[in-house]
Amino acid sequence: MEKIEINGFPHVRLPFNQLTEDEMRVNAFSFFEKMNKRRTVRAIDSRMVPEEIIENIIRTAATAPSGAHKQPWTFCMISDPEIKKQIRIAAEEEERISYSERMPEDWKQDLKPLATDWQKPFLEEAPYLIAVFKQSYGLENGVKSQHYYVNESVGIACGMLISAIHLAGLVTVTHTPSPMNFLSKILGRPENERPYLLLPVGYPKKNAFVPDLERKPLHEVLKKY
Ligand code: IYR
């Protein structure tokens, strides 16, 4: 591969395969059609999924762009039933308090169409949990370094993670128990990492139902200038 130096740093030629306009049209629309079939699913089957599939899903998420290419993320893949159980117990404890004391009435009303409550059986039933941590700063051998746009970077990586889960033929729910510090403790994560998102991953339960929701029409989300 052809290599040159720019700013004193190595650069390689961009591998770029120019598609025809027809191919672009077909690809853009067929990707939309596939992504538009994604649904958040809380009824996750306990059927096992090959570990290699989850690894490749995480590989995909880790291709996300990040501030100054610091890649400020850690993806914990959990299949150990004991650890899943500990996570479920801790998450449900927080959710129980949230639903009964912390969430205002408006919020609970807004969640009625989704039929959620404090119980999170999917945290034990799903064959895998992926706990995503953001690295607020770098920490290697006790030496701290700066990370940039951490929330944006990890958010983008999670979008790609969710897309990869869907396109692999699996389902998930973006679970964000609040507070989530228990995850750091249970998984023994270092001080520079903060829990960001918890995703149970697996097949949907047979005959699962999801809320009958509609997406906003394009003209509401797209403004042309
Ligand atoms: N974290 C809670 C509540 C919840 C909040 C929102 I905003 C949602 O879109 C869904 C749920 C729970 O997981 O039940």
Side-chain angles (χ1 to χ4, degrees), residues 31-46 57 61 64 73 75-76 78 84-126 128-134 136 149-167 170-184 186 194-224:
F31 190 63
F32 157 68
E33 280 186 311
K34 284 185 193 123
M35 292 305 294
N36 196 30
K37 292 201 175 92
R38 187 199 57 77
R39 294 300 314 261
T40 289
V41 177
R42 294 179 169 81
I44 302 183
D45 200 86
S46 57
I57 284 167
W73 42 62
F75 301 92
C76 296
I78 302 137
K84 288 196 285 185
K85 187 178 192 165
Q86 285 179 42
I87 290 174
R88 176 184 179 178
I89 290 169
E92 285 187 335
E93 187 50 35
E94 292 299 349
E95 293 291 353
R96 202 194 305 267
I97 302 168
S98 291
Y99 277 87
S100 66
E101 297 169 25
R102 292 196 277 242
M103 289 155 67
E105 209 40 52
D106 281 5
W107 190 350
K108 282 192 268 194
Q109 280 301 327
D110 279 340
L111 290 181
K112 286 244 165 93
L114 308 184
T116 61
D117 61 27
W118 63 269
Q119 294 181 83
K120 305 296 168 194
F122 50 71
L123 293 177
E124 251 187 296
E125 291 169 356
Y128 292 95
L129 305 180
I130 302 176
V132 183
F133 287 80
K134 64 174 180 184
S136 308
Y149 297 101
V150 170
N151 281 319
E152 291 83 350
S153 303
V154 182
I156 294 165
C158 284
M160 296 175 62
L161 182 70
I162 291 163
S163 305
I165 291 167
H166 173 60
L167 295 179
L170 298 169
V171 298
T172 188
V173 45
T174 48
H175 183 44
T176 51
S178 172
M180 268 201 285
N181 314 336
F182 63 84
L183 277 179
S184 307
I186 292 172
R194 297 277 171 273
Y196 188 84
L197 213 55
L198 179 58
L199 298 125
V201 183
Y203 299 100
K205 278 194 171 145
K206 282 218 169 61
N207 305 314
F209 278 81
V210 291
D212 188 9
L213 305 176
E214 280 188 15
R215 298 197 158 96
K216 288 182 180 176
L218 189 63
H219 69 86
E220 266 186 48
V221 299
L222 168 65
K223 303 292 167 190
K224 295 184 182 176

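Listed by chain and residue number, nothing satisfies the side-chain contact (heavy atoms from CB on, under 4.5 Å) test with Glu214 (two or more places apart in sequence, or in another chain).
Interatomic distance, CG of Leu129 versus CG of Leu199, reported as 9.0 Å (0.5 Å rounding). Rounded to the nearest 0.5 Å, atoms CG (Asp110) and CD (Glu105) are 10.5 Å apart. One distance of note links CG of Leu111 with CG of Asp106; it measures 11.0 Å at 0.5 Å rounding.
Under the 4.5 Å side-chain criterion, counting only non-hydrogen atoms from C-beta, Val173 is in contact with Pro200. The closest side-chain heavy-atom distance from Phe133 to Leu183 is below 4.5 Å.
Screening residues 88-97 for side chain to side chain donor-acceptor pair (under 3.5 Å) gives Arg88-Glu92, Arg88-Glu124, Glu94-Arg102 as the qualifying pairs, with residues at least two apart or on separate chains.
The main-chain N or O of Ile87 is never found under 3.5 Å from a side-chain atom of Lys120 such that the two would form a donor-acceptor pair. At least one donor-acceptor pair under 3.5 Å links the side chain of Lys108 to the backbone N or O of Tyr99. No donor-acceptor pair closer than 3.5 Å links the side chain of Arg38 to the backbone N or O of Ile162. Judged by distance alone, with hydrogens and angles left aside, the side-chain atoms of His166 form a donor-acceptor pair with the main-chain N or O of Lys34 at under 3.5 Å.
The minimum heavy-atom distance linking Trp73 with Ser153 is given by the pair CZ3-O, 3.6 Å.
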